[in-house]
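I have placed the structure first, in the form of structure tokens, so that the comments after it can refer back to it.
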Amino acid sequence: MDERKYAQVVVERPVRNGGVFTYAVPPALVETVVPGVRVAVPLGAQVVTGFVLDVSADCPPGIKTREIIRVLEGKPIPAALLTLAGWLSSRYLCTLLDALAAVSGPAPKGGRRRETEWLWPRGDAGEILAAIEELKAPAQARALSVLAAQPGMTRQALMREAGVSASVVAALIRKGLVISEKVSRRREPYEDVALDPTPPPLLTPEQEGAFSEIDKAIAAGRPEIFFLHGVTGSGKTEVYLRAVAAALSAGRQAIVLVPEIALAHQMVLQFKARFGNQVAVTHSALVPAERHDAWERVRAGEAGVVLGARSAVFAPTARLGLIVVDEEHEPAYKQEQSPRYHAREVALARARLEGAVAVLGSATPALESVARCLSGRYRQLRLSSRVDGRPMPAVRVVDLREEFRAGTVSLFSNFLVARVREKIRQREQVLLFLNRKGFAAFVLCQACGHVIRCPNCDIALSYHRPDTLFCHYCYYRARYRPRCPRCGDERLGWFGAGTQRVEEEARALFPEARIARMDAETTARRGSHAALLDAFKRGEIDILIGTQMIAKGLDVPGVTLVGVLNADTTLLLPDFRAAERTFQLLYQVAGRAGRGPLPGEVVIQSHCPEHYAVRYSARQDFFSFARRELALRQRFGYPPYAALVRVVFSGETEEKVVREATAFGAAAREIVGGEEVLGPAPCPFGKLKGFYRWHIILKGKSGRAVRDACREVLTSFLCRRGSGVRLSVDVDPVSIL
DNA sequence: AGCACGCCGACT
DNA sequence: GTCGGCGTGCTC
Ligand SMILES: [Zn+2]
Ligand SMILES: [Zn+2]
């Protein structure tokens with residue numbers, strides 16, 4: 001009988017049908033063609049690669065199949081991750097191919113592991129001396145004698161020391177007078193962290209209570225979702241460590257996600273000290289081949305713990321028992337290219353599919369998480385007191401409107417200047433924090449703090465020349481008048497000072513202080529970021545000025561004052577999460593003060609001190625903030641009470657982009673039922689690398705409903721091929737820039 | 001995405 | 001008459 005096997009293959013071509021084709025498996029490949037392997041297959045006139053989804057004995061009728069050419073190297077994607085890829089493509093409306101590529105981890109080939117090359121002179125001292133004498137080329141002779149004096153140099157060092165060019169060294173190697181030895185530097189970062197033999201610290205009663213719940217679920221193999229809501233310094237990490245230990249002793253593996261591995265230095269050290277080489281760190285500093293090695297250690301079960309950024313959620317753990325998502329509210333968990341997944345959501349889906357326990361942690365939960373705690377989907381565990389028993393820092397909000405009326409033109413209020421001077425006198429350290437500059441012109445009344453918002457969307461309107469204000473969500477437009485609608489003042493500003501200007505002002509105001517600035521410009525050189533932080537920690541800098549990047553993970557005991565120069569700029573972002581982002585940022589910044597023995601102090605400068613995000617963050621009152629914010633989300637129809645899908649159109653000709661976006665909008669309005677179609681409107685970054693960008697936002701009651709509606713529109717809608725307009729879909733967008 | 005097929009305008 | 005524009009459809 002016909003024993004032929006057929007494989008369903010997703011080809012690496014953006015084909016309309018989703019790219020799934022049926023191929024015959026040649027007898028020689030029956031053993032190796034299994035679900036999850038990559039294969040080379042013929043497609044039309046060419047050979048393309050693809051992923052095998054499934055292998056079976058039957059073939060859909062009425063098609064002439066061709067044979068798989070060969071199986072590519074690399075381990076197959078495990079079944080659970082293949083299922084997860086299917087989930088990803090339907091949850092995030094991406095192609096199955098993009099989902100499979102994400103799930104398949106780092107490529108097995110493509111780049112060598114890093115090697116260090118050492119150069120040695122050939123032979124004993126006599127032979128080398130003879131060779132130097134015989135050499136006709138003086139540069140080569142010089143290089144060889146330099147190397148003889150100091151054997152074991154790198155190529156760069158030899159070139160530098162001998163003052164010769166690369167060709168000189170190459171000639172010596174070619175002649176066999178110099179031996180090149182390449183040593184693979186298979187150094188895992190943090191490899192040299194010693195296991196800490198001391199027993200883990202005792203848990204506080206709160207930590208104990210939280211851990212025992214998680215422990216019970218792990219021991220029982222009950223796939224629960226826990227939300228660990230713990231204030232700054234309440235010891236969430238120790239709870240994660242205990243939970244991971246519990247999973248390991250139950251014979252299962254654990255994945256621990258952090259927003260940015262480069263900023264999780266302390267946490268990596270703690271995990272390495274506790275679990276040693278059982279931890280695989282998927283560090284972004286690894287070259288692809290090294291990432292692949294780490295992945296294989298996980299697959300083989302050598303590593304029981306995976307610690308990494310969002311892509312670590314796809315680690316090929318065979319026996320997953322626990323997934324931890326630390327700082328679950330962080331926007332860094334959102335992948336901003338297809339598949340545009342949120343690692344927290346993927347983690348929950350994976351935990352469900354593989355029967356693992358999930359632990360999400362934050363001091364300032366995403367409002368989606370608050371809603372899920374309230375609905376009972378997450379079990380909430382609270383850590384409400386600091387492990388060290390220190391009080392939260394005292395926060396003082398300075399009203400910039402009063403400063404404005406009093407004629408202050410400086411970025412520093414009089415109060416902040418006085419506090420900084422006091423700290424400098426006492427030889428304590430100061431952190432000055434500047435919110436990132438607004439990306440577009442936004443309108444804020446300098447006199448009363450009023451912000452003009454969209455009546456439909458509650459989103460801050462942005463100004464466009466010569467006299468238009470518009471909403472980036474629904475494209476509501478209004479005429480701009482340089483006159484505040486609330487107080488009538490004519491000084492509507494769009495301010496946006498850079499760190500450079502802050503530094504200049506600070507030098508003028510505090511001439512006796514040692515001041516440093518940390519931003520993209522000053523930390524462009526590799527390692528200078530760490531060097532600057534080290535200098536600050538050693539007390540060689542009195543005032544450190546920086547943007548968002550210094551708010552994360554900075555732990556300097558000498559800092560007793562944190563100043564936020566402009567608390568409001570995040571409130572002006574065209575984003576329904578603007579208030580949430582502001583609250584999170586201010587809360588986090590405040591946590592940077594008073595981490596040492598001296599009490600901390602925080603000064604927040606704001607044009608809208610009465611705004612609830614500013615007010616409640618000053619009191620570190622998350623629950624009051626959440627209550628207010630949830631009410632607004634409900635009123636204006638935003639997550640967690642609604643779901644959004646954003647469709648971005650981009651191309652080199654704006655008219656064509658607008659035409660396609662408008663056509664999509666019309667098709668969408670035709671098809672959808674209860675969902676709203678907002679726009680098209682220009683994206684906040686309306687032109688990026690020569691591409692004009694417009695977007696449409698679909699809004700609906702449930703995620704399922706909006707996704708279904710969007711999927712339906714997408715099946716009937718195609719950008720005209722000649723238009724050169726590309727379309728990309730973002731389900732649950734985090735940033736709409 | 002590629003590539004072929006096909007149907008109209010302006011060239012040797 | 002044919003060379004070539006790109007709109008349309010298909011690839012297991
Ligand atoms: Zn005003
Ligand atoms: Zn609007």
Who pairs with Phe691(A) by ring-ring contact (aromatic ring centres under 6.0 Å, His included), at least two apart in sequence or on another chain? none
Looking at residues 27-49 of chain A, who's got a heavy atom less than 4.0 Å off DNA chain B? Gln46(A)
Test salt bridge (charged side-chain N to carboxylate O under 4.0 Å, His left out) applied to Asp730(A) - qualifying residues, sequence neighbours left out: Lys334(A), Arg340(A)
Hey, could you give me each pair passing salt bridge (charged side-chain N to carboxylate O under 4.0 Å, His left out) that has a residue in residues 680-690 of chain A? Not counting sequence neighbours. none
Would you grab the first and last nucleotide of DNA chain B (5' to 3') that comes under 4.0 Å of any non-hydrogen atom in chain A? dA1(B) to dG2(B)
Just to be sure I understand the geometry, which residues of residues 648-663 of chain A put a non-hydrogen atom under 4.0 Å away from DNA chain C? none
Counterpart residues, ring-ring contact (aromatic ring centres under 6.0 Å, His included), relative to Trp295(A) (two or more places apart): none
Selection: residues 59-67 of chain A, any non-hydrogen atom under 4.0 Å of DNA chain C: Ile63(A), Lys64(A), Thr65(A), Arg66(A)
What pairs with Tyr341(A) under ring-ring contact (aromatic ring centres under 6.0 Å, His included), at least two apart in sequence or on another chain? Phe314(A)
Under 3.5 Å, side-chain donor or acceptor atoms of residues 18-40 of chain A against the rest of the protein: list the pairs with distances, not counting sequence neighbours.
from	atom 1	to	atom 2	distance (Å)
Thr22(A)	OG1	Gln8(A)	OE1	2.9
Tyr23(A)	OH	Pro42(A)	O	2.7
Thr32(A)	OG1	Leu29(A)	O	3.3
Arg38(A)	NH2	Glu12(A)	OE2	2.9
Arg38(A)	NH2	Thr49(A)	OG1	3.4

Pick out the pairs of N or O atoms, protein on one side and nucleotides 4-6 of chain C on the other, that lie under 3.5 Å.
none

Name all pairs fulfilling the salt bridge (charged side-chain N to carboxylate O under 4.0 Å, His left out) condition that reach into residues 702-718 of chain A, sequence neighbours left out, sorted by first residue then second. Asp708(A)-Arg711(A)
